[in-house]
> 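Input: one structure, supplied below.
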Amino acid sequence: MTIRLYDTSARQIRDFTPLTPGCVSIYLCGATVQAAPHIGHIRSGLNFDILRRWFDYRGYDVTFVRNVTDIDDKIIKKSAEQGRPWWAIGYENERAFNDGYAALGCLPPTYEPRATGHIPEMIEMMRGLIERGHAYEADGNVYFDVRSFPGYLQLSNQDLDELRQPSGEGETGKRDPRDFAMWKAVKPGEPSWETPWGRGRPGWHLECSAMAHKYLGTAFDIHGGGLDLVFPHHENEIAQAKGYGDDFASYWVHNAWVTMSGEKMSKSLGNSVLVSEMVKQWRPIVLRYYLGTPHYRSTIEYSEEALREAESAFARIEGFVQRVTEKAGVVPAAPEVPLAFAEAMDDDLGVPQALAIVHTTVRQGNSALAADDKEAAVARLAEVRAMLGVLGLDPLDEQWAGDEGGGDDLHGAVDTLVRLVLQQREAARARKDWATADAIRDQLGQSGLVIEDSPEGPRWTLGPR
């Protein structure tokens, strides 16, 4: 039983060895809250939710930190554009992110620190870096001297002589154009905090180094985030933390993007699909299946067709769960997942391979139902529930209670109406009026409903879109 993960810094899959036996500490770069989240943002939180659940299943004591970047250039720009306080924009969108995480079944983090709540820790880190010769003050800004840190760019595998470091407005006084800002001098109309080097505000990279140190100490197991954060954000985090004297993260785990027409989904490109709108069109559990079941390092190309395929695939699983539950009552999850499922999950969180075991078990369970082998069907359902529980996709979990119809609470009303129509169909069948019975079934099918006759009576489900 060894969990193996792809480590970006090593550029290979490594056996996971925790710093503290039986414990795992994870820092995930969370939301920058200048706007509401699209499904590309939520994918990262969802991937690491599955990783966290797997560590928990394997018996680890998990500490999971996911930060909130509530002050940066983008938020300040939005504040100026909208004529609203920066903190109001940040808080509104922070709540939207948390609503999105919760809607898709993500467990809450152990800690969720905001950047603006940790200015003292940032000042202390800058002071230490200046004392160690890794940073300097110029025109009220504080910069990290990248040439002072020999390991710089090892994560992204770049050549320092060819580096073009992103630079912001007002970043004057740099000794080297590749140096990056940890603290930005105050500008008129912008929020600012007092420091030994004058008033100003933190740079994005400093925030995470300081918060990881605060909540996880000088060394922790896993640092996670989207692939787009490798440079400059994570590279600069490493320089700050290690320059300060921390060992920092042992493993670097990055998830791939959600794309549209081959481009990374982003607010700046205007091609985002907001979670708040998606959950009105699709059941949240289906969205979780769609975003969470591809391998975390593979790109997801967004399309409605792919979502419909995910909906149909999950419906097959859910239908099996429903049929066995109707026949045998609620079946508890098995205490352990099947060995093949566990081996897939241990191997760099191989969710696609693990999901194949789920579907195989569902097919075996359906065969048992067809053979009227209740005992075997119940056993397969127990295994399916154990596997779905790890993935956060168990339709019988209370998380998904009432999750029946794309965000609108219409299932109860529709169920009542459909059952009235099905009673008319049953009455037609009883008097051997097969033409009327078939016509009713066909009309329901044209409405997008699938009718299945079972020993317990007819049941309906939503068909593919």
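Given the structure is predicted, the values throughout are model-derived calculations rather than measurements.
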> Below 4.5 Å, heavy atoms only, C-beta onward: do Phe320 and Leu381 meet side chain to side chain?
yes
> Would you say the side-chain atoms of Asp247 pair up with the backbone N or O of Thr218, donor to acceptor, closer than 3.5 Å?
no
> Using 30° and 60° as the class boundaries, would you call the ring planes of His223 and Tyr27 parallel, tilted or perpendicular?
tilted
> Answer yes or no: is there an ion pair linking Arg308 with Glu305, defined by an N-O contact shorter than 4.0 Å?
no
> Test: side chain to side chain donor-acceptor pair (under 3.5 Å). Region: residues 380-391. Which pairs qualify, not counting sequence neighbours?
Arg380-Glu383, Arg385-Asp394
> Decide if atom CZ of Arg84 counts as having more than 12 heavy atoms of other residues, nucleotides or ligands within a radius under 6.0 Å.
yes
> So that I can tick it off, tell me whether Lys74 and Asp72 are bridged by a salt bridge, with the cut-off set at under 4.0 angstrom between side-chain N and carboxylate O.
no
> For the side chain to side chain contact (heavy atoms under 4.5 Å, CB included) test, which of Ser25, Pro18, Ser250 pairs with Phe220?
Ser25
> Please check: side-chain N/O of Arg288 versus main-chain N/O of Gly105, any donor-acceptor pairing under 3.5 Å?
yes
> With under 30° as parallel and over 60° as perpendicular, where do the rings of Tyr290 and Tyr302 fit, or are they tilted in between?
perpendicular
> Side chain of Ser209, backbone of Glu237: donor and acceptor closer than 3.5 Å?
yes
> Should the heavy atoms of other residues, nucleotides or ligands under 6.0 Å from OH of Tyr91 be counted, would the total exceed 12?
no
> Does atom CZ of Arg114 have more than 12 heavy-atom neighbours, drawn from other residues, nucleotides or ligands, at distances under 6.0 Å?
no
> Take atom OH of Tyr111 as the centre, draw a 6.0 Å sphere, and report whether it contains more than 12 heavy atoms from other residues, nucleotides or ligands.
no
> Using a strict 4.0 Å threshold on nitrogen-to-oxygen distance, state whether Arg53 and Asp49 make a salt bridge.
yes
> May I ask you to test the Tyr251-Val24 pair for a side-chain heavy-atom distance under 4.5 Å?
no
> Determine, for Arg4 against Asp347, whether the closest basic-nitrogen to carboxylate-oxygen distance falls under 4.0 angstrom.
yes
> Does Arg11 reach the main-chain N or O of Leu155 with its side chain, forming a donor-acceptor pair under 3.5 Å?
yes
> Between His359 (side chain only) and Arg316 (backbone N and O only), is there a donor and an acceptor less than 3.5 Å apart?
no
> Between Gln154 and Ile238, is any pair of side-chain heavy atoms under 4.5 Å apart?
no
> Hey, are the side chains of His41 and Val275 touching, using non-hydrogen atoms and a 4.5 Å cut-off?
no
> Once you measure the plane-to-plane angle for Trp252 and His234, does it fall in the parallel (<30°), tilted (30-60°) or perpendicular (>60°) bin?
tilted
> Identify whether the distance between the nearest side-chain nitrogen and carboxylate oxygen of Glu190 and Lys184 falls below 4.0 Å.
no
> Mind checking whether Tyr101 and Ile42 have side chains closer than 4.5 Å, heavy atoms only?
yes
> Could you point out which residue of Val362, Val324, Leu393 forms a side chain to side chain contact (heavy atoms under 4.5 Å, CB included) with Val384?
Val362
> Given Pro202, which partner from the list Ile119, Thr116, Thr69 fulfils the side chain to side chain contact (heavy atoms under 4.5 Å, CB included) test?
Ile119
> Going by ring-ring contact (aromatic ring centres under 6.0 Å, His included), name the residues that satisfy it together with Phe314, two or more places apart in sequence or in a different chain.
Tyr289
> Mind checking whether Phe64 and Phe55 have ring centres under 6.0 Å apart?
no
> Let me know which of Thr360, Asn366, Thr361 forms a side-chain hydrogen bond (donor to acceptor under 3.5 Å, both in side chains) with Arg363.
Thr360
> Is the side chain of Asn93 donor-acceptor paired with the backbone N or O of Ala36 at a distance under 3.5 Å, no angle test?
yes
> What do you reckon, are the aromatic ring centroids of His118 and Tyr215 less than 6.0 Å apart?
yes
